[in-house]
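Notes follow once the structure below has been shown.
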Amino acid sequence: MDIVFVNLFGLGLIGLIVWYFWLSKPEGTFAGITSDGVQEAFIVVKGGYSPDTIRVTAGRPVRLVFNRQESDPCSERVVVDAFGLSADLPQGSSVPVVFTPIEAGSYEFACQMGMLRGKVVVS
Amino acid sequence: MRDPVCGMRVGPEALRTKGHPDVGFCSDHCLTAFLTYPDRYLSAPEREGAVVANRHHTRDGTSSAQRVHLAVDGMTCASCVSTVESALEAVPGVTGARVNFAAGTAAIDVTSSTPISALTAAVSGTGYTAELVDEGVDSSDRERINSERRYRLLMRKFWFAAVVSLPVIYFSYPEIFPGVPEKGSTALWWIWLAMGVLTLPVLAWSGSQFFTGAWAAFRHRSANMHTLIAIGISAAWLYSTTAVVFPGVFPEEMLRDVFYDVTSVVTALVVLGTALELRARARTSEAMKKLIGLQAKTARVLRHGTEIDMPVNDVVVGDVIVVRPGEKIPVDGMVLSGSSAVDESMVTGEPIPVEKTEGATVIGATINRTGTFRFEATRVGRETMLAQIIGMVRDAQGSKAPIQRTVDRVSGYFVPAVMIIAVLTFMVWYSFGPSPALVYAVITMVTVLVIACPCALGLATPTSLMVGIGKGAENGILIRSGDALETAHRIDTVVVDKTGTITRGEPSLTDIIAFADHTEEEVLVLAASAEKGSEHPLGESIVRAAAERGLVLSDPDQFSAVPGHGIEARVDDRRVVLGTLKLMADRGVAAGAAEARLEELSEQGKTAMVVAVDGELAGVVAVADTVKEDSTEAIARLHRLGLEVVMLTGDNQRTAAAIARRVGIDRVLAEVLPDEKATQIKLLQAEGKTVAMVGDGINDAPALAQADVGLAMGTGTDVAMESGDITLIKGSLTGVATSIELSKATMRNIHQNLVGAFAYNTLGIPIAAGVLYPAFGLLLSPLIAGAAMAFSSVTVVTNANRLRRFQPTRTMEVS
């Protein structure tokens with residue numbers, strides 16, 4: 001009896017893992033627009049990117065300002081591969097990364113090892 | 001002697017004041033400042049107020065509005081900006097403050113009487129921290145200090161966990177170690193309870209980063225190594241504590257066991273692994289640190305006839321700088337007077353010092369060896385060659401090799417997949433495992449979680465790339481991106497533009513042949529006068545030859561160039577056509593008489609041009625380009641790498657073949673017009689070849705772009721860094737062979753890392769899950785799994801660091 005229960009629980013847990021890590025989609029944060037017309041988002045880097053999904057519109061420059069608040073070297077560099085950009089993130093200082101997405105789509109930014117990930121959703 | 005106001009070093013001829021004969025001043029401004037508040041400068045010459053003044057000397061030594069730059073840390077939102085700004089503006093003496101949130105800096109206009117401590121205190125009062133932006137301590141130094149601090153913290157955490165582990169291991173195995181009370185005894189129950197309490201700080205302190213890291217990742221719907229370790233060590237601790245505190249949960253006696261050793265030992269090992277990995281990773285960026293360290297700190301600038309030592313950041317374009325033997329050249333510039341041999345190896349990779357005389361360009365950060373000279377600064381700050389190299393290397397190290405994109409796709413699924421495997425392992429052992437099934441299920445699950453190492457996978461490519469690209473920079477090879485590095489190892493054909501790469505690219509006149517009743521001198525005067533308007537190197541060499549012979553030239557009218565064929569112009573009302581036979585035919589000049597001589601000259605590898613005056617054949621001039629001395633060796637090295645070398649040139653077949661023979665090239669594409677170069681590359685690619693193009697980066701830009709990998713050759717300071725995938729600072733073909741060797745070595749290293757990391761995980765995880773148990777009764781201890789995990793990522797980084805020993809192959813001298 002308890003074997004059945006444990007296995008059902010295990011399957012449920014697996015389902016939860018699949019849903020939480022792979023299937024669920026976070027809504028994301030809309031980037032603010034500055035007076036000079038740049039879509040700007042401030043991202044805190046600490047064990048991940050907060051927020052990790054930035055929503056922007058195409059054809060207008062995007063400025064992601066990263067502020068790394070941890071000493072873990074995993075996050076010391078952010079790479080926006082689709083735009084060929086990368087930036088060192090010294091602990092505590094804010095580093096802007098600027099690009100202009102032309103086409104709608106989802107563009108990933110990640111640490112160099114690809115462990116921390118976020119994305120810019122362009123519509 | 002130092003100016004007490006600004007801190008500059010001043011000579012004996014500095015401005016003085018009677019009241020204080022022992023101090024001197026660089027300018028009126030400093031003298032005035034001193035006379036106004038003498039006590040401030042005399043009581044504490046190094047006080048921060050002095051630093052304020054120091055930063056704002058303009059070139060003529062006067063002081064403009066004083067501005068201080070502070071680095072402000074801790075600002076997380078744009079609203080912090082106004083808080084910091086108003087705090088700064090409230091400081092007496094501050095006339096304005098602007099905070100740049102993006103850069104994390106504040107620019108503050110102050111009167112000279114405001115000490116910097118008042119500014120930093122004002123920022124601290126708002127809850128942020130600020131420090132003076134001091135170019136001497138750049139961000140890489142700060143990173144180094146942070147990383148060192150982190151390493152020491154991790155080692156303290158490790159030692160704590162290690163010390164706790166010793167008694168915990170001892171008392172965890174009553175059946176192995178003597179003197180441990182037997183299982184079920186009250187004494188052992190108390191000991192186990194003590195172990196549970198003792199391992200709690202191991203979890204909470206030594207292993208805290210696993211929990212914070214796991215939680216941070218979880219919030220972002222992702223999971224990483226921290227997640228796996230955190231679940232593993234806490235599952236072991238929770239099971240053990242339940243068995244000790246609530247034994248009633250487990251009806252069977254056999255289930256009442258503890259695994260505190262798993263908690264403490266795995267924590268200790270993984271923390272140690274993280275610390276060692278941190279150390280090893282710091283070494284991967286050593287080449288970068290070396291480059292940054294090359295920058296000169298001070299410059300000796302000539303102002304008002306006085307040599308003044310000043311921070312290199314205060315040097316402006318146009319400053320005249322004095323460099324003595326053994327000193328570092330602070331910025332890029334042009335020699336005004338004096339001469340010396342300069343060691344440029346740190347920037348160009350060229351080991352032999354380069355002679356510099358008047359008019360020569362010098363590169364900042366290189367070292368003056370023999371003589372004293374003065375030079376004018378032409379590029380300073382971010383514009384210098386070194387700064388550009390640093391920027392380019394930094395960007396390249398941050399780029400991704402295409403192979404990593406595949407790895408990234410896998411690593412996105414990796415950790416959750418491991419978690420699923422761990423759950424499945426638990427289910428299978430619980431359902432089908434031997435008794436006590438629950439214990440086996442927990443232990444195998446923990447082992448699976450602990451052995452999986454996503455870090456090894458994640459680190460495999462970027463660390464090798466860091467080392468490989470850094471190593472390139474040390475050898476004067478700037479690799480633009482991971483893409484370029486990866487493609488370069490697949491190259492099978494190298495196309496080399498002849499001029500400027502195989503040869504020096506500075507042709508000189510070798511032959512003049514006069515026809516009909518013309519004299520050699522006349523032919524040269526006509527040719528050189530016509531070429532006066534030309535910017536073509538061949539034309540320049542003819543003009544130079546005429547000047548060397550002291551001939552008087554006329555100015556040409558109606559100059560026009562026929563690309564790839566020659567030029568035409570009017571000289572002293574005579575129509576001069578200079579160029580190939582094809583051009584002569586087009587212009588209706590009968591040049592048959594010259595054909596034999598032309599053939600003879602091109603046989604010798606010379607470029608011969610027909611000179612026609614007023615439609616009549618007048619003569620032939622020939623110029624030849626000299627082959628660089630290391631071209632032959634470099635081509636031999638390329639051949640040894642198994643590459644086909646193709647020479648591309650606008651020269652005629654015969655001239656080209658002569659040079660190709662001399663340097664040992666197999667295939668020649670001659671008579672290629674400048675705008676056809678890219679097409680030729682395309683044709684080679686159509687043959688199924690992966691083509692690298694080597695060119696000077698200016699004229700060959702389209703061909704470099706068309707090639708799979710474009711290698712731009714620099715000459716001295718004039719590096720066309722933007723045009724190639726790979727830039728060779730030193731204009732030598734040997735760099736091409738070295739680049740390809742380096743690319744192959746780096747890709748080999750990446751493959752070793754990836755294969756190792758994949759093999760480790762694909763073998764380790766099933767073994768941890770117990771696949772070998774049914775057949776061999778073999779089960780992995782979670783302690784061993786923890787050790788394997790901790791050292792797999794260290795191994796990857798250490799393997800990447802092996803690349804630091806990369807050496808370009810040296811070929812034996814060809815006699």
Side-chain angles (χ1 to χ4, degrees), chain A residues 2-4 6-14 17-18 20-22 24-26 32 34 40 42 44 46-53 63 65 67 69-74 76-79 81 84-88 90-96 98 108 110-118, chain B residues 71 73-78 101-105 129 139-140 142-143 146-147 149-150 209 212-217 219-226 278 281-282 394-395 397-400 404-405 407-408 411-413 415-416 419-420 423-424 426-427 430-431 441 454-455 457-459 462 481:
Chain A
D2 60 337
I3 289 184
V4 174
V6 163
N7 282 321
L8 282 177
F9 181 77
L11 288 175
L13 202 57
I14 290 172
I17 292 171
V18 170
Y20 188 77
F21 291 110
W22 293 334
S24 68
K25 293 268 180 291
T34 61
E40 190 172 50
F42 296 98
V44 172
K46 195 176 183 185
Y49 300 105
S50 309
D52 57 7
T53 304
R63 179 161 56 225
V65 183
N67 192 304
Q69 296 175 0
E70 62 181 354
S71 58
D72 188 334
C74 290
E76 67 191 2
R77 197 192 280 256
V78 66
V79 181
D81 196 33
L85 297 169
S86 75
D88 281 327
Q91 197 179 339
S93 32
S94 298
V95 179
V98 184
E108 191 172 76
C111 72
Q112 231 185 336
M113 318 291 148
M115 299 307 296
L116 314 180
R117 290 165 194 241
Chain B
D73 278 358
M75 292 189 294
T76 50
C77 58
F101 175 74
T105 57
T129 56
S139 63
S140 73
R142 224 171 299 151
E143 279 298 293
N146 279 339
S147 136
R149 203 177 289 156
R150 187 178 159 83
Q209 66 277 8
T212 50
W215 175 241
R219 279 180 31 231
H220 294 100
R221 292 172 187 265
S222 78
N224 52 31
M225 169 202 117
H226 296 312
L278 189 71
R281 276 173 73 172
R394 206 191 290 269
D395 284 349
Q397 287 183 333
S399 69
K400 283 192 177 180
Q404 200 193 344
R405 302 203 176 104
V407 179
D408 279 352
S411 65
Y413 293 99
V415 176
M419 289 159 72
I420 291 170
V423 174
L424 286 173
F426 185 96
M427 285 157 64
Y430 191 79
S431 309
C455 287
L457 271 181
L459 287 167
S481 65

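Proteins come first, then strands; the chains are lettered A, B, ... in the order of their sequence lines, and each starts at number 1.
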Test of understanding: with salt bridge (charged side-chain N to carboxylate O under 4.0 Å, His left out), list the residues that count as partners of B:Arg221, not counting sequence neighbours. none

Please state whether the side chain, the backbone, both or neither of B:Tyr430 comes within less than 4.5 Å of a heavy atom of chain A. both

Checking A:Asp52 now: which residues fulfil salt bridge (charged side-chain N to carboxylate O under 4.0 Å, His left out) with it, not counting sequence neighbours? none

By a 4.5 Å heavy-atom criterion (distance strictly below it), what part of B:Gln397 contacts chain A: side chain, backbone, both, or neither? both

Name the region of B:Arg149, side chain, backbone, both or neither, that has any atom closer than 4.5 Å to a heavy atom of chain A. neither

When the 4.5 angstrom heavy-atom criterion is applied to A:Glu76 and chain B, the contacting part is side chain

Go through A:Cys111, A:Ala110, A:Pro51, A:Gly48 and name the one with the most non-hydrogen pairs under 4.5 angstrom from chain B. A:Gly48

Heavy-atom side-chain proximity of B:Arg281 to B:Pro462 below 4.5 angstrom: no

Student check: side-chain heavy atoms of A:Leu116 and B:His220 closer than 4.5 Å: no

Using 0.5 Å steps for rounding, measure from the NZ atom of B:Lys400 to the OG atom of A:Ser86. 10.5 Å

When A:Thr53, A:Val79, A:Asn7 are compared by non-hydrogen pairs under 4.5 Å with chain B, the top option: A:Asn7

Using a 3.5 Å distance criterion without hydrogens, assess whether the side chain of A:Gln69 forms a donor-acceptor pair with backbone atoms of A:Val44. no

Using side-chain heavy atoms (C-beta onward) and a distance below 4.5 Å, is B:Thr212 in contact with A:Glu70? no

For A:Leu11, which atoms come within 4.5 Å of any heavy atom of chain B: side chain, backbone, both, or neither? both

Segment of A:Tyr49 engaging chain B (4.5 angstrom heavy-atom cut-off): backbone

Chain B contact via A:Asp88 - side chain, backbone, both or neither, heavy atoms under 4.5 Å: side chain

Please state whether the side chain, the backbone, both or neither of B:Leu278 comes within less than 4.5 Å of a heavy atom of chain A. side chain

